Amino acid sequence: MVRSLVTLKGEGSQAGALSEGGNTPRAAAHNYLLLVAEQMNLSAEPHSSAISAVKLLDGRRRYLFSWIINAHHLLFYIRKPALKLMPSLSSGALEHLRNVKINPAGEVTIRIETGADAKALTEWLFSPATGSDRLNSEQQRATDQTKQPAKITDGRR
């Protein structure tokens with residue numbers, strides 16, 4: 001389950017505390033983001049660095065989003081591949097969300113302190129209005145067209 005993926009960072013880390021079911025607003029936001037990522041068919045993986053972070057990849061393994069787990073908040077990133085696919089995400093985030101900045105690399109960062117912040121982010125980010133709800137679904141359709149149809153074994157058609 002993706003909820004425990006961040007335990008790979010070891011005992012006592014920010015991420016480890018979250019995966020143990022921490023009862024904090026930050027933990028609620030983290031768990032909510034993992035749940036929504038799964039629903040959006042994004043793969044959540046631990047970031048392979050010294051920091052506690054999660055990266056979200058689409059079916060083509062494009063690194064679209066991530067978040068860093070800080071002591072009292074999460075710092076969510078809309079990464080360059082997502083911005084290249086949907087340049088309007090940058091201005092949309094600034095217009096619709098709070099605690100938004102553009103970092104020196106040109107990526108969008110959003111400070112998330114609570115589950116409500118995470119919900120506001122995902123409701124905006126994956127809404128039909130932004131179009132990003134289709135990023136992975138379009139890729140999934142292309143992948144599905146190259147796969148052999150699954151055999152039905154339960155008698156349904």
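Remember, it's a predicted structure, so these values are computed and weren't measured experimentally.
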message: Quick check: do Leu56 and Tyr77 have side-chain heavy atoms less than 4.5 Å from each other?
response: no
- prompt: How would you list, by chain and number, every residue that makes a salt bridge (Lys or Arg N to Asp or Glu O under 4.0 Å) with Lys119, sequence neighbours excluded?
  reply: Glu123
task: Applying side chain to side chain contact (heavy atoms under 4.5 Å, CB included), run through Ile69 and Leu74 and close with a yes or a no.
output: CA-CA 5 Å; Ile69 302 163; Leu74 307 176; 3.9 Å; yes
- request: If the plane angle is over 60° it's perpendicular, under 30° parallel, otherwise tilted; pick one for Phe65 and Phe126.
  value: perpendicular
Distance check, rounded to the nearest 0.5 Å: [X] atom [atom1] versus [Y] atom [atom2]?
X      : Y     : atom1 : atom2 : result
Asp58  : Leu64 : CG    : CG    : 4.5 Å
Arg62  : Leu42 : CZ    : CG    : 10.0 Å
Glu113 : Leu75 : CD    : CG    : 10.5 Å
Ile112 : Ile68 : CD1   : CD1   : 11.5 Å
Ser52  : His30 : OG    : NE2   : 9.5 Å

- prompt: Can a salt bridge be assigned to the pair Asp117 and Arg98 using a cut-off of 4.0 Å between side-chain N and carboxylate O?
  reply: yes
Glu107/Arg79 ion pair, N-O < 4.0 Å: yes
message: As a quick check of understanding, evaluate side chain to side chain contact (heavy atoms under 4.5 Å, CB included) for Phe76 and Leu97, giving each step before the final call.
response: CA-CA 12 Å; Phe76 189 91; Leu97 302 170; over 6 Å; no
Contacts table for residues 84-92: side-chain donor-acceptor under 3.5 angstrom, sequence neighbours left out:
{"from": "Ser91", "atom 1": "OG", "to": "Ser88", "atom 2": "O", "distance (Å)": "3.3"}

- prompt: Hey, does the side chain of Arg26 reach the backbone of Asn70 with a donor-acceptor pair shorter than 3.5 angstrom?
  reply: yes
